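Single-structure report; data block below.
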Amino acid sequence: MLNNDNYVFLCQMAYYKQYGKTVATYESCSTSAFKHGRTETLRPATMATKKCTEAFNSRCKPTPLELRSLLMDCSKLHNQLTKEAAMGQGFDRHMFGLKHVASKKGTVLPEIFQDEAYVAANHFILSTSTLSGAAFRGGGFGAVVPDGYGIAYGFFENMLGCLVSSYDGFCDGKQFVECMKISLNEIHDVLYSTRSKLEKIDDEGSL
């Protein structure tokens, strides 16, 4: 079953449609289970999402059942990563702390913080966070890098919504939103056409 936070996969799928590649993606994860806990970085761009995104956009597209299976793989891994980040098993805040201490001491930063791979992994082109609640109907935030998107999303009764921000001259936010719409419809069609008998009963009241 896909949960609400798998919405971030939709963002990755849309970006792939627009630019033909997968990029570093940030999702905020609460660590409120700990005293003074705030957030940890959840990195939802995985080999599973890359494989699924490529399959949806392939000229030789797999069957709906195969696509559904790939979506479920993404969801399962995303749920695992969420639990790990929420329970302090992430690494981003730890690395940030080490970098901050080194900077505060005025020493030369360790090589890892200057490594091209580390820099690229922390250039979050897609920055996402959920903004929802019974008394909350909207909001957003800016992209965290010039060539990126800030994507605030929320779920309400019978609907979902998002606010996408980007910097003029760097990205085409309107095109990105259109790619999100197309991707959402594609995911809906796959899930709807492959739903189980029990799901059909819920949708239609009878088989």
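Owing to the predicted nature of the structure, the values given are computational and were not obtained by experimental measurement.
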*Tell me, please, which residues at least two apart from Ser30 pass side chain to side chain contact (heavy atoms under 4.5 Å, CB included).*
Ser32
*side chain to side chain contact (heavy atoms under 4.5 Å, CB included) against Lys104, all qualifying residues, sequence neighbours excluded*: His100
Grab the two heavy atoms, one from [X] and one from [Y], that are nearest each other, plus how far apart they are.
{"X": "Ser129", "Y": "Ser28", "value": "OG-CB, 4.0 Å"}
{"X": "Thr46", "Y": "Arg43", "value": "CG2-O, 3.9 Å"}
{"X": "Pro64", "Y": "Ser193", "value": "CB-OG, 3.8 Å"}
{"X": "Met180", "Y": "Cys11", "value": "CE-SG, 4.1 Å"}
{"X": "Ala121", "Y": "Ala24", "value": "O-CB, 3.7 Å"}
{"X": "Phe176", "Y": "Ala14", "value": "CE1-CB, 3.9 Å"}

*Is the count of non-hydrogen atoms from other residues, nucleotides or ligands lying under 6.0 Å from Leu109 atom CG greater than 12?*
yes
*asked:* Tell me whether the count of non-hydrogen atoms from other residues, nucleotides or ligands lying under 6.0 Å of NZ in Lys61 goes above 12.
replied: yes
Connected-component partners of [X] among ILVMFWY, side-chain separation under 4.5 Å:
{"X": "Val101", "value": "none"}
{"X": "Met47", "value": "none"}
{"X": "Leu42", "value": "Leu77, Leu81"}

_Tell me whether Asp73 is salt-bridged to Lys51, with the criterion being a basic N under 4.0 Å from an acidic carboxylate O._
no
*Is it true that the NZ or CZ of Arg93 lies under 6.0 Å from the centre of Phe96's six-membered ring and within 45 degrees of the ring axis?*
no
Determine whether a donor-acceptor pair (N or O, by modelled atom type, separation under 3.5 Å) exists between the side chain of [X] and the backbone of [Y].
{"X": "Thr41", "Y": "Asp92", "answer": "no"}
{"X": "Thr128", "Y": "Tyr26", "answer": "yes"}
{"X": "Gln114", "Y": "Glu111", "answer": "no"}
{"X": "Arg195", "Y": "Val190", "answer": "no"}
{"X": "Thr107", "Y": "Ala102", "answer": "yes"}

_salt bridge (Lys or Arg N to Asp or Glu O under 4.0 Å) partners of Lys99, counting only residues at least two apart_ = none
If the condition is side chain to side chain donor-acceptor pair (under 3.5 Å), which residues does [X] pass it with, not counting sequence neighbours?
{"X": "Gln12", "value": "Thr49"}
{"X": "Tyr118", "value": "none"}
{"X": "Ser103", "value": "none"}
{"X": "His123", "value": "Asp147"}

Are [X] and [Y] linked, directly or through other ILVMFWY residues, by side chains that come within less than 4.5 angstrom of each other?
{"X": "Val164", "Y": "Tyr19", "value": "yes"}
{"X": "Tyr149", "Y": "Ile182", "value": "no"}
{"X": "Phe113", "Y": "Phe124", "value": "no"}
{"X": "Ile151", "Y": "Leu163", "value": "no"}
{"X": "Leu98", "Y": "Ile112", "value": "yes"}

*Which residue pairs satisfy the side chain to side chain donor-acceptor pair (under 3.5 Å) criterion with at least one member in residues 163-184, sequence neighbours excluded?*
Gln18-Gln175, Glu178-Lys181
*Cys52 side chain reached by Leu71 side chain, heavy atoms, under 4.5 Å*: yes
*Test item: Thr22 and Glu54 side chains (from C-beta on) under 4.5 Å apart, heavy atoms*: no
Interatomic spacing from [atom1] in [X] to [atom2] in [Y] - rounded to 0.5 Å:
{"X": "Cys29", "Y": "Met87", "atom1": "SG", "atom2": "CE", "result": "10.5 Å"}
{"X": "Leu67", "Y": "Leu191", "atom1": "CG", "atom2": "CG", "result": "10.0 Å"}
{"X": "Ile187", "Y": "Met13", "atom1": "CD1", "atom2": "CE", "result": "5.0 Å"}
{"X": "Phe91", "Y": "Glu84", "atom1": "CZ", "atom2": "CD", "result": "11.5 Å"}
{"X": "Thr25", "Y": "Phe9", "atom1": "OG1", "atom2": "CZ", "result": "11.0 Å"}

*Where do His78 and Val8 land on the side-chain contact (heavy atoms from CB on, under 4.5 Å) test, with the steps shown first?*
CA-CA 10 Å; His78 186 275; Val8 73; 3.7 Å; yes
*Apply ring pair (Phe, Tyr, Trp, His ring centres under 6.0 Å) to Tyr16 and list each qualifying residue two or more places apart in sequence or on a separate chain.*
none
